[in-house]
Amino acid sequence: MCGVFGAYSPSDFVAEEVYLGLSALQHRGQESAGVAWIDNNRRVNTIKGMGLVHEALSQSVLAETPVRSAIGHVRYSTAGGSMLQNAQPICANYAQGPVAIAHNGNLTNFDELRGILENRGAIFQSTSDTEAILQLLAHQPKRSPFEALLRALAEVRGAYCLVVLLEEGLVAARDPWGFRPLSLGKRGDNYYVASESCAFSLLGASLVRDIAPGEVVLINGNGVTSYSLPIKSPKKWLCSFEYVYFARPDSVIEGRSVYGTRQEMGRKLAMSWGASGADFVASFPDSGTTAALGYAQASGMPFKAAVVRNRYVGRTFIQPTQKVRELGVRIKLNPCPELFRDRSAVLVDDSIVRGTTAGLVVSMVRECKARSLHLRISSPPIKYPCFYGIDTPSSGDLAAAKCDEDDMARTVGADSLHYLSKEGMIEAIGLPPDSLCTACFDGEYLEGAKSFNHPPGCCGGIFD
Ligand code: SF4
């Protein structure tokens with residue numbers, strides 16, 4: 001999972017706004033950050049670094065960079081390792097001009113494309129799948145960069161939301177299935193594109209609309225022009241886990257408030273799995289808090305912020321020494337003993353992946369001498385890996401792939417454990433069931449496959 005941001009203004013300098021937009025998308029990637037722009041000499045420039053936005057980039061340098069269009073990226077690696085070489089945007093100055101690309105998603109036919117391109121002489125500078133798009137574009141030197149980009153996108157398969165900077169303007173593109181969200185925002189004559197709408201409010205901009213699946217938008221002095229990708233999909237396939245966990249609660253995706261859908265997931269969970277005679281509801285902060293509030297509302301129990309998160313802990317501040325590894329989740333989350341002592345509590349979290357955090361938090365609450373502890377999970381069990389840009393473990397490491405609810409309750413040490421049903425999650429999201437990807441919950445991958453089959457003669461049409 002990554003975050004992308006782009007800005008275009010006819011009159012203002014926007015590089016610092018890209019920095020600020022990326023800060024609002026920090027939850028989508030913490031490994032590296034980068035910003036790119038095209039200078040007056042028709043060259044693409046970039047600043048990239050490892051770590052959080054404020055560590056990787058200099059706000060003061062960007063504030064003094066006089067450019068009216070720029071793009072940026074925060075990275076969480078899913079394809080290609082975590083190294084500066086793979087930080088984005090990926091840039092090149094090729095025969096037809098400068099180009100910079102920032103990508104959120106995973107290309108499922110990257111290996112195939114890389115093989116074809118290398119046979120044609122391409123030299124890849126990174127192990128990131130995004131570079132295949134850049135190489136496909138550069139291998140069409142007779143076409144304008146925008147036309148070459150459209151043709152390149154007809155060759156890639158999988159999940160992508162892109163912001164691309166060309167001399168023709170700022171481009172935003174979303175794959176035909178619409179796996180990941182991508183939004184268009186506006187303030188005055190300035191346009192913004194972001195992985196999530198939460199990045200607009202910070203800049204005083206408003207959400208205009210989602211970029212549609214299969215849509216390519218070109219933003220320049222002529223305003224916003226919409227194009228369609230040459231390949232179509234039979235349906236939309238938006239990641240349901242964006243609503244469960246990834247997206248920030250103050251974002252709106254496909255017209256649905258993430259906060260509202262998460263609260264509704266908690267309400268539905270409470271309606272299915274009751275109060276268990278508990279004294280209060282608490283959450284695994286922050287990811288479980290919105291659902292816990294919905295659970296408390298529907299069950300009539302009070303919500304208590306009984307598990308506290310240390311907001312200032314991250315890998316930047318604390319080195320992974322043996323001591324830290326032993327402390328594990330205690331470094332980040334801690335229960336308030338006086339709230340749990342002799343009480344019965346419902347603890348709500350958004351999901352269980354490996355089960356490690358749930359087990360450690362439950363054991364810490366047990367140490368507080370809680371009378372009983374009931375775990376409620378505001379999504380269905382995650383049993384299958386994701387092939388569409390999310391770094392989930394293989395099935396063997398997914399706790400729910402091996403345990404039913406009772407086994408899982410025993411494993412993590414809870415008195416009871418229940419999940420929200422898939423139907424409950426979909427109802428809470430409120431979008432048509434056949435427009436949502438739920439593959440990590442039900443194993444129903446797009447077209448029944450774990451990847452998209454590429455038609456024979458791949459890339460044949462663009463290398464003429
Ligand atoms: S498999 Fe799960 S995480 Fe991956 S896109 Fe589908 S719903 Fe999202």
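Side-chain atoms are counted along with the backbone in the values below, which use heavy atoms only and exclude waters and symmetry mates. Residue numbers start at 1 and run along the sequence shown. Nothing here was measured: the structure is a model prediction, and the numbers come from that model.
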When you measure from the side chain of [X] to the backbone N and O of [Y], does any donor-acceptor pair fall under 3.5 Å?
X      : Y      : value
Gln85  : Gln125 : yes
Glu215 : Ala212 : yes
Tyr8   : Gly221 : yes
Gln26  : Val53  : yes
Lys402 : Gly396 : yes
Ser233 : Pro176 : yes
Ser379 : Asp350 : yes
Arg28  : Cys2   : yes
Asn109 : Glu112 : no
Asn93  : Val44  : yes

Would you compute the distance between atom [atom1] of [X] and atom [atom2] of [Y] and round it to the nearest 0.5 angstrom?
X      : Y      : atom1 : atom2 : value
Leu170 : Leu165 : CG    : CG    : 6.5 Å
Thr261 : Glu242 : OG1   : CD    : 11.0 Å
Asn45  : Asp39  : CG    : CG    : 4.5 Å
Leu398 : Cys386 : CG    : SG    : 11.0 Å
Ile123 : Leu117 : CD1   : CG    : 12.0 Å
Ile133 : Leu162 : CD1   : CG    : 4.5 Å

Can you find a heavy atom in the side chain of [X] that is under 4.5 Å from one in the side chain of [Y]?
X      : Y      : answer
Met425 : Lys268 : no
His139 : Arg151 : no
Leu22  : Leu20  : no
Ser283 : Asp349 : no
Leu137 : Val99  : yes
Thr65  : Trp37  : yes
Phe200 : Ser183 : yes
Val217 : Val193 : no

Does [X], at its [atom1] atom, have more than 12 non-hydrogen atoms belonging to other residues, nucleotides or ligands within less than 6.0 Å?
X      : atom1 : value
Lys48  : NZ    : yes
Asn40  : CG    : no
Lys186 : NZ    : yes
Tyr245 : OH    : no

Between [X] and [Y], do the side chains contain an N or O donor and an N or O acceptor separated by less than 3.5 Å?
X     : Y      : result
Asn86 : Ser128 : no
Gln88 : Thr130 : yes
Glu17 : Tyr192 : yes

TODO: Determine which pairs satisfy side-chain hydrogen bond (donor to acceptor under 3.5 Å, both in side chains) with at least one residue from residues 159-173, sequence neighbours left out, and list them in order.
DONE: Arg42-Glu167, Ser144-Glu168
- [ ] Classify the ring geometry between Phe241 and Phe441 as parallel (under 30°), tilted (30 to 60°) or perpendicular (over 60°).
- [x] tilted
Closest heavy-atom contact between [X] and [Y]?
X      : Y      : answer
Ser197 : Val252 : OG-N, 2.8 Å
Leu25  : Ser195 : CD1-N, 4.1 Å
Asp189 : Pro10  : O-CD, 3.4 Å
Ser378 : Leu420 : O-CD2, 3.6 Å
Ser351 : Ile377 : CA-CG2, 3.5 Å
Ile253 : Ala247 : CD1-CB, 3.8 Å

Task: Residue pair Thr289, Val348: steps toward the side-chain contact (heavy atoms from CB on, under 4.5 Å) verdict - done: CA-CA 7 Å; Thr289 302; Val348 179; over 6 Å; no
Open item on the list: I'd like to know whether His27 forms a side-chain contact (heavy atoms from CB on, under 4.5 Å) with Tyr76, so could you lay out the CA-CA distance, the side-chain angles of the two residues, the decisive distance to 0.1 Å, and finally the verdict.
Closed with: CA-CA 9 Å; His27 59 290; Tyr76 181 84; over 6 Å; no
Task: Asp442 and Lys422 ion-paired at < 4.0 Å - done: yes
Task: SB check Arg376 Glu405 (cutoff 4.0 Å) - done: no
TODO: Would you kindly check if the NZ (Lys) or CZ (Arg) of Arg114 is within the cone defined by 45 degrees around the ring axis of Phe124 and under 6.0 Å from the six-membered ring centre?
DONE: yes
TODO: Please report the C-alpha distance between Ile71 and Val164 in whole Å, then the side-chain angles of each, then the deciding distance to 0.1 Å, and finally whether the side-chain contact (heavy atoms from CB on, under 4.5 Å) criterion is met.
DONE: CA-CA 7 Å; Ile71 63 170; Val164 182; 5.8 Å; no
- [ ] Would you sort out whether Gln263 and Thr290 count as a side-chain hydrogen bond (donor to acceptor under 3.5 Å, both in side chains), showing the intermediate values?
- [x] CA-CA 5 Å; Gln263 200 175 33; Thr290 313; over 6 Å; no
Task: Residue pair Phe5, Val18: steps toward the side-chain contact (heavy atoms from CB on, under 4.5 Å) verdict - done: CA-CA 6 Å; Phe5 190 87; Val18 173; 4.1 Å; yes
